Amino acid sequence: MLLSHGSLGWKLKSSLYVITGVIAAFLALPIFFIMALSFGSSQWLVFPPPSWTLKWYERFFDNPQWIESAWTSLQVASLTSIIATLLAIPASFALVRGKFRGRDYLYTFFTLPMVVPVVIIAVAVYGTFLNLGLTGTLFAFVTSHVIIALPFAIISIINSLRLFDKSIEDAAVICGAHRIQAILKVTFPVIKPGVISAALFSFLVSWDEVVISVMMASPNLQTLPVKMWSTLRQDLTPVIAVASTLLILLSLFIMIIASFVRKQSNHR
Amino acid sequence: MSLQTNSMTQSPLVCLRELNKEYGKFTAVDHINLDIKKGEFLTFLGSSGSGKSTTLSMIAGFETPTSGEILLNDASLIHIPSHKRGIGMVFQHYSLFPHMTVRDNIGFPLDIRKVAKDERDQKVDEILKLVQLEAFADRRPSMLSGGQKQRVAIARALVYEPEILLMDEPLGALDKKLREELQDELRLLHKRLGITIVYVTHDQDEAMRLSERIAIFKEGEIVGLGTGKDLYRKPPNAFVASFLGNSNFLKVSVTGSASAMLNKQHIEVENVHEVPIDQKAVLMIRPENLHILTPEQAEKEPLMAGFNQLSGTVNESVFLGESLTCSITIPSGEKVVSKNIATEQPDLAPGSTVFIRWNSKLSSLYSKWEQSDINKNAA
Ligand SMILES: Nc1ncnc2c1ncn2[C@@H]1O[C@H](COP(=O)(O)OP(=O)(O)OP(=O)(O)O)[C@@H](O)[C@H]1O
Ligand SMILES: [Mg+2]
């Protein structure tokens with residue numbers, strides 16, 4: 001590297017630390033803020049909180065609507081994660097190994113939901129499900145979330161499949177394993193970190209999705225972000241801070257697992 | 001599969017018949033015919049892109065031939081999938097299973113075959129001993145050196161006792177010293193086990209060192225097949241002559257069944273390829289078969305029957321320890337290079353006049369050649 005850490009003067013070095021710290025704080029402060037507020041006693045989200053309390057947490061867990069929406073979120077995200085990953089595996093194999101015309105266009109096509117504005121997808125999906133009379137169903141939630149999660153899952157698996165030396169799989173085949181057996185016993189264990197991060201990222205995409213979910217939601221089926229959004233429109237209560245905190249904690253937890261998986265795969 | 005049917009007869013283990021592989025309009029392997037004998041060490045030698053790996057992949061079943069036939073013990077392999085061919089293969093980059101220990105890597109083919117645990121463990125132990133890796137049995141491949149990895153790969157390919165072992169540049173990723181060590185091990189292993197090995201390399205020293213026969217590949221064709229010695233001493237064509245070792249090429253025109261004209265001088269030639277009279281040809285002489293004499297020496301020693309002599313001027317001579325190379329311009333203006341044992345050579349100053357002699361039996365005559373063949377003159 002041109003700028004190695006050691007060759008920088010202390011002035012430059014310390015100012016770099018300061019800048020990094022400011023940016024990190026800028027990114028993390030809202031999260032700390034909202035977490036602190038969830039424990040604050042003020043009804044009006046006064047900061048700093050006059051005193052600390054767990055009553056908003058009680059409110060959250062006592063309200064079946066919150067619990068139900070959290071449960072729905074968990075269900076939708078898990079199903080999205082499983083389905084997107086299961087679809088991404090064969091798609092990635094085809095996109096990496098396949099020899100057919102238009103393969104690269106197909107790749108672009110598969111990753112399109114990542115660049116198309118979510119609102120457009122949301123409107124399209126809403127229109128479709130409205131026609132089918134399926135809005136407000138778990139099926140509609142999961143299907144529409146899979147659409148936007150799939151690109152992330154595919155990219156994650158494709159990356160690890162591209163790094164995988166196919167001759168390892170060939171070695172298993174010439175050793176007597178059927179191609180499918182070789183993929184199961186050799187290829188999958190090696191690309192497992194990629195598959196796991198595909199599942200984790202699909203989960204996250206669904207977990208904090210709000211634009212599509214708002215359109216899919218019905219009064220008796222909504223995800224946590226949708227419930228937060230609709231509550232927010234009525235009144236500003238610290239229970240939202242609680243919901244946010246729980247949302248963040250689960251995301252954080254998944255990010256930690258993902259980085260752990262990545263670290264393990266780098267070790268090999 | 002009837003694998004054992006013909007092991008007693010002389011029929012070859014593997015036959016390639018008019019084997020052809022095309023990628024679109026590009027012909028990677030061009031109607032190859034080859035018999036691989038049981039128990040032999042055969043090497044595919046050729047420059048990059050000459051179709052060696054493609055041929056090997058077709059034998060292994062990873063590539064499907066465009067046309068042609070592959071026979072193993074007289075039975076067609078074409079429609080048999082790779083995993084049922086019972087072939088062993090070692091890849092250039094080891095291709096070990098990174099998530100398994102050395103022991104499990106080697107045991108994998110046996111596990112797939114559902115071999116009973118006792119027998120499996122016993123076989124794995126035996127082969128670990130054979131490749132001297134007992135101490136590393138419980139390590140992961142990432143904790144092995146390159147040479148150790150390749151030994152594991154060889155062990156994994158041998159453990160199920162395949163009739164034939166394919167090796168695609170197995171030592172290509174190793175440094176020179178380790179490569180030579182493993183070459184020796186491999187040669188011993190082949191002798192000991194009597195297994196048929198088909199080996200791919202583009203290193204001619206390696207090919208010479210290891211193989212009983214060499215098939216020389218050029219642009220998807222086999223242009224030379226035989227023992228290293230025969231191919232070197234009597235190359236079947238100008239390409240093989242220039243590809244294997246160093247060579248001098250001189251332009252001549254044929255004047256008789258054993259004579260030719262080289263720049264207004266009659267010389268004797270060995271015309272095994274029966275080049276017709278009056279045809280232009282190239283004469284190939286290996287540098288070590290060109291003897292250099294000072295004018296005094298030439299006067300003292302009479303020219304023996306079957307030998308030719310030309311005069312020349314020394315350009316430069318280089319002392320290489322055990323040998324001495326000397327570049328000489330002959331009257332036609334062509335340059336030749338000689339290489340002789342240093343102790344037998346007089347000191348030759350640049351510009352001095354010398355005579356060169358060679359045994360016509362140790363030269364080869366070709367009526368067909370490409371400029372690229374003779375451009376790679378010994379210098
Ligand atoms: N899948 C493929 N598609 C198109 N062309 C290919 C493919 N595989 C090989 N070729 C071409 O076929 C030719 C022969 O390739 P091959 O790998 O057999 O060469 P090789 O003799 O093994 O060379 P090297 O010493 O570099 O390994 C090369 O020109 C290569 O570009
Ligand atoms: Mg090759």
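Numbers restart at 1 for each chain; the letters A, B, ... are given by sequence-line order, proteins then strands. A quick note: this is a predicted structure, and the numbers were derived from the prediction, not measured.
Proximity of A:Val190 to B:Phe97: side-chain heavy atoms (C-beta onward) are nowhere separated by under 4.5 Å.
A distance-only check finds a donor-acceptor pair linking the side chain of B:Arg113 to the backbone of A:Cys175 [under 3.5 Å]. Between the side chain of B:His99 and the backbone N or O of A:Lys185, at least one donor-acceptor pair lies under 3.5 Å.
For B:Met143, no part lies near chain A; criterion is any non-hydrogen pair under 4.5 Å. Neither the backbone nor the side chain of A:Ala182 has a heavy atom closer than 4.5 Å to any heavy atom of chain B. Heavy atoms closer than 4.5 Å to chain B are found nowhere in A:Lys166, neither backbone nor side chain. Only the side chain of A:Gln181 comes within contact range of chain B, with at least one heavy atom under 4.5 Å from a heavy atom of that chain. There is no contact between B:Leu110 and chain A, counting heavy-atom distances below 4.5 Å.
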(Q) As a quick check of understanding, evaluate side chain to side chain contact (heavy atoms under 4.5 Å, CB included) for A:Asp170 and B:Ser95, giving each step before the final call. (A) CA-CA 8 Å; A:Asp170 286 344; B:Ser95 302; over 6 Å; no

Q. Do B:Ile87 and A:Ile174 pass the side chain to side chain contact (heavy atoms under 4.5 Å, CB included) test, and can you show the C-alpha distance, the side-chain angles, and the key distance before you say yes or no?
A. CA-CA 7 Å; B:Ile87 287 174; A:Ile174 204 78; 4.2 Å; yes

Q: For side chain to side chain contact (heavy atoms under 4.5 Å, CB included), just list the numbers for B:Tyr94 and A:Ile168, CA-CA rounded to whole Å, side-chain angles, deciding distance to a tenth of an Å, and then say yes or no.
A: CA-CA 8 Å; B:Tyr94 326 123; A:Ile168 297 178; over 6 Å; no

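Other residues, nucleotides and ligands contribute more than 12 heavy atoms inside 6.0 Å of the CZ atom of A:Phe188. Counting heavy atoms of neighbouring residues, nucleotides and ligands inside a 6.0 Å radius, atom CZ of A:Phe32 does not exceed 12 of them.
A pairwise comparison of heavy atoms in A:Val173 and B:Ser82 identifies CG1-CB, 3.5 Å as the closest pair.
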